2 protein chains.
Amino acid sequence: MVTQSEVAKRAGVSFITVSRVINNKGNVKEETRERVLEAIKELKYYPNSLGRGLNSNKVNTVGIVIATLMGVNIHGNQFYNELMSGIEGICIRNSHDMLISTQKKYPGVEYDYLKLYYERKIDGIIMVSPNIPESQLRQIEEERIPCVIIDDHSDEHRISYVDADNREAVNLAGDYLFQKGHRKMGFLKGVENNRNAQDRLAGFYDVIAKHNLDLKEDWILEGDFTVEGGRDALRKLVAQNNLPTVLLCANDQMALGVMAEAKNAGLKIPEDLSVMGFDGIEAHRYTTPILTTMRQPLVEMGVAAAEMLFEQINNTDYVQEIRIFPVELISGESVKDVAG
Amino acid sequence: MVTQSEVAKRAGVSFITVSRVINNKGNVKEETRERVLEAIKELKYYPNSLGRGLNSNKVNTVGIVIATLMGVNIHGNQFYNELMSGIEGICIRNSHDMLISTQKKYPGVEYDYLKLYYERKIDGIIMVSPNIPESQLRQIEEERIPCVIIDDHSDEHRISYVDADNREAVNLAGDYLFQKGHRKMGFLKGVENNRNAQDRLAGFYDVIAKHNLDLKEDWILEGDFTVEGGRDALRKLVAQNNLPTVLLCANDQMALGVMAEAKNAGLKIPEDLSVMGFDGIEAHRYTTPILTTMRQPLVEMGVAAAEMLFEQINNTDYVQEIRIFPVELISGESVKDVAG
DNA sequence: GAAATAAATGTTAGCGCTAACATATTCAAA
DNA sequence: TTTGAATATGTTAGCGCTAACATTTATTTC
């Protein structure tokens with residue numbers, strides 16, 4: 001294993017000169033620099049990031065904690081993929097690698113979102129769809145740990161986050177459905193303890209109130225953000241023998257399940273039931289009919305989160321930053337126009 | 001920042017005793033152990049993995065290099081997702097985090113697949129769909145770097161890999177199509193420099209030869225593994241005004257593109273043209289008609305790769321291991337039975 | 001109860017690197 | 001020249017941790 005000292009010996013200088021060349025710090029004569037660089041090349045020297053990190057407190061690594069990767073898949077993989085690709089681009093630009101936490105998640109046991117930070121001395125963390133215990137939120141705030149949360153947030157802590165305007169988005173969706181003539185709207189909820197699932201449900205209640213629609217409890221279905229959950233919900237809905245004209249789903253995965261099961265149940269979409277999704281994952285484009293959905297700008301959200309994180313990493317003064325992204329309606333073929 | 005020494009002071013012992021407790025190494029009196037554990041808890045001590053790694057050469061981290069994450073998306077994200085989730089499960093079980101390389105990929109410049117290993121002192125690397133330069137392959141072999149390659153391989157080096165039996169799989173697909181009565185088969189190729197794309201094409205030639213079919217050059221189309229590539233290919237095929245009865249695509253992404261574009265072109269699938277995919281990504285289930293495809297057991301392949309890697313990490317003697325997974329035909333609705 | 005053994009704890013050195021200070025060399029201005 | 005600054009290089013210490021050896025204390029054996 002090649003160390004700095006060996007490079008130094010080869011180049012006929014002291015090891016600190018090698019360090020200077022590598023980090024471009026301090027003055028080094030051009031001729032010496034070249035000699036060192038050549039030695040580095042010849043010996044195939046790579047600086048050891050452990051030794052380096054140990055006293056510079058800089059490891060050029062961003063930690064990422066994703067709920068999916070903890071065995072809980074809230075949105076379907078596509079969702080995280082697009083976020084990741086946004087995050088990755090900014091990490092590349094900043095020469096940071098990405099470290100993914102792989103703690104086991106036990107039901108009922110508090111997940112340690114900060115372990116990665118304390119143990120690995122990473123420069124900052126991005127948390128996607130987390131469910132952070134109060135005590136850890138406080139720690140992040142108090143210790144000014146560089147951190148950006150995506151797809152969840154707390155109003156009680158000065159922690160930066162990136163999110164979509166979920167409530168407003170459901171309002172837009174509802175307005176669209178209303179405009180298409182729908183008056184009997186059903187809603188397929190996401191998991192209860194998720195902040196955004198709550199916001200989406202709240203948005204639905206807004207729609208009901210705003211347009212003075214009937215709020216039928218039977219049409220508000222429990223879901224869990226999975227395809228299977230969507231299938232279950234549709235079966236339940238059909239069994240009740242009283243369909244709404246449209247079912248608005250809290251995410252696309254469930255909408256896919258609803259559509260697949262509708263086929264089995266002999267329901268035609270959108271003729272017998274209109275379906276609308278939420279998220280805008282890739283698969284929505286390949287369904288027949290094409291799923292109408294609300295698209296979150298996920299790549300952009302990932303980019304924003306990473307940029308915000310690097311700002312925190314590079315600037316000493318901690319400022320909370322919040323970026324709420326608008327959600328866009330992607331018109332497909334799964335919503336019938338019953339207005340005309 | 002809490003160090004081992006501070007914990008030691010609190011517990012009234014020397015720092016090495018703390019180290020012993022943490023690593024469960026050497027003898028420590030039960031009473032002392034408890035005192036130390038309590039101090040750890042009180043002070044919220046986390047062992048610093050940098051200091052630890054620096055002399056133990058163990059950082060409990062697996063490096064992962066994925067072609068997608070390098071800006072080149074060969075299979076579509078779903079493919080990598082499933083692999084990752086397999087890998088992740090095994091990493092969790094072995095308490096290893098996953099470090100993702102984020103080097104920029106410049107066209108024409110050799111990607112350094114080993115940088116992560118040399119710099120970060122990670123315990124091993126999994127490379128997905130890589131395109132490793134000869135010199136680096138040699139390095140892996142000579143230095144016995146713990147490494148498993150997924151979805152690519154070289155026969156000239158004793159490096160462990162996991163792959164699907166691509167050639168055989170295309171043979172199976174071809175046999176199936178033949179049995180369904182298809183005699184005019186087209187093939188949509190993947191990118192040329194990819195080993196598996198080559199194997200799949202070779203499989204197609206096997207099929208042609210085996211069943212004594214006409215080999216029409218017009219029916220062998222250039223593709224690039226993307227949805228857009230699929231669309232382009234179908235447009236080209238239609239323009240030629242001489243359709244095969246079935247188009248076998250080298251991956252699902254392209255098949256999705258073919259199906260989407262066929263809709264635009266007024267072609268009915270499978271009535272006017274049968275389509276078959278390859279990979280078995282999730283989206284294939286949501287198309288209408290459901291895409292018939294060859295499914296690689298991706299999660300299992302990820303599991304196998306990770307397990308093989310940990311075996312290399314834990315055992316000193318290096319043994320090349322190769323695991324070829326069978327590919328399964330997933331019958332959908334996109335292939336017409338023209339036999340009857 | 002002395003010697004041999006095992007268990008429990010401590011001391012020293014060093015992993016590869018950078019920060020901070022120290023020294024040597026060059027160069028320009030008086 | 002002399003001097004002071006700028007440039008170039010080197011020395012020492014220490015980041016937090018573990019390995020290897022050293023020492024102390026408890027336990028066994030005859």
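Below, chains carry the letters A, B, ... as their sequence lines are ordered, and counting in each starts from 1. All values reported here derive from a predicted model rather than from experimental measurement.
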Enquirer: Rounded off to whole Å, could you give me the CD-to-P distance for the A:Gln4 and C:dA19 pair?
Expert: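 From A:Gln4 CD to C:dA19 P: 11 Å.
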Enquirer: Report each atom pair, protein N/O against N/O of nucleotides 23-27 of chain D, whose distance is under 3.5 angstrom.
Expert:
none

Enquirer: Check side chain to side chain donor-acceptor pair (under 3.5 Å) between B:Tyr118 and all other residues, then give those that pass, not counting sequence neighbours.
Expert: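 Result, side chain to side chain donor-acceptor pair (under 3.5 Å) vs B:Tyr118: B:Gln139, B:Glu143.
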Enquirer: Which residues pass the side-chain contact (heavy atoms from CB on, under 4.5 Å) test with B:Ala11, sequence neighbours left out?
Expert: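 B:Ala11 satisfies side-chain contact (heavy atoms from CB on, under 4.5 Å) with B:Val13, B:Val36, B:Ala39 once adjacent residues are dropped.
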Enquirer: Counting only non-hydrogen atoms, which of residues 34-45 of chain A are less than 4.0 Å from DNA chain D?
Expert: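 The stretch gives none, as no residue of it lies under 4.0 Å from the strand.
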Enquirer: So do A:Ile126 and A:Ile87 actually touch side chain to side chain, heavy atoms under 4.5 Å?
Expert: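 Side-chain contact under 4.5 Å: yes.
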Enquirer: Could you identify which residues of residues 23-31 of chain A place a heavy atom less than 4.0 Å from some atom of DNA chain C, listed by residue number, or say none?
Expert: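 Within residues 23-31 of chain A, the residues near DNA chain C are A:Asn23, A:Lys25.
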Enquirer: Can you name the residues that form a side chain to side chain donor-acceptor pair (under 3.5 Å) with A:Glu134, not counting sequence neighbours?
Expert: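 Per chain and number, A:Glu134 pairs via side chain to side chain donor-acceptor pair (under 3.5 Å) with A:His157.
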Enquirer: Students often get this wrong, so: under 4.0 angstrom with heavy atoms, is A:Thr32 touching a base, only sugar-phosphate, or nothing?
Expert: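 Result for A:Thr32 = sugar-phosphate.
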Enquirer: List the residues meeting side chain to side chain donor-acceptor pair (under 3.5 Å) with B:Thr61, not counting sequence neighbours, and say none if there are none.
Expert: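 Result, side chain to side chain donor-acceptor pair (under 3.5 Å) vs B:Thr61: A:Arg120.
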Enquirer: Could you work out how much the helix from C:dG1-D:dC30 to C:dA30-D:dT1 bends, comparing the axis of its first five pairs with that of its last five, to 10°?
Expert: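 Taking the rotation axis at each end, their angle is 30°.
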Enquirer: With a 4.5 Å heavy-atom cut-off, do B:Tyr161 and B:Arg323 have their side chains touching?
Expert: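 Contact flag for B:Tyr161/B:Arg323 side chains = no.
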Enquirer: Can you tell me the distance, in whole Å, between the CZ atom of B:Arg33 and the C1' atom of C:dA7?
Expert: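 Atom CZ in B:Arg33 sits about 13 Å away from atom C1' in C:dA7.
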Enquirer: List in chain and number order the residues that pass side chain to side chain donor-acceptor pair (under 3.5 Å) with B:Ser19, two or more places apart in sequence or in another chain; answer none if no residue qualifies.
Expert: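 Partners of B:Ser19 by the side chain to side chain donor-acceptor pair (under 3.5 Å) criterion, ordered by chain and then number, come out as B:Asn23.
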Enquirer: Test: salt bridge (Lys or Arg N to Asp or Glu O under 4.0 Å). Region: residues 33-52 of chain B. Which pairs qualify, not counting sequence neighbours?
Expert: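 Checked against salt bridge (Lys or Arg N to Asp or Glu O under 4.0 Å) - neighbours excluded - the pairs reaching residues 33-52 of chain B are B:Arg10-B:Glu42.
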Enquirer: Which residue pairs pass the side chain to side chain donor-acceptor pair (under 3.5 Å) test with at least one member in residues 305-314 of chain A, sequence neighbours excluded?
Expert: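 Listed once each, the pairs are A:Ser160-A:Gln312.
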Enquirer: Please enumerate all protein N or O atoms sitting under 3.5 Å from an N or O of nucleotides 10-13 of chain D, with distances to 0.1 Å.
Expert:
| unit_1 | atom_1 | unit_2 | atom_2 | d |
| --- | --- | --- | --- | --- |
| D:dG10 | OP2 | A:Ser14 | N | 2.7 |
| D:dG10 | OP2 | A:Ser14 | OG | 3.3 |
| D:dG10 | OP2 | A:Thr17 | OG1 | 3.0 |
| D:dG10 | O6 | A:Arg20 | NH2 | 2.6 |

Enquirer: Within this structure, what is the CG-to-C1' distance between B:Leu54 and C:dT18, rounded to whole angstrom?
Expert: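 Checked: the CG to C1' distance equals 12 Å.
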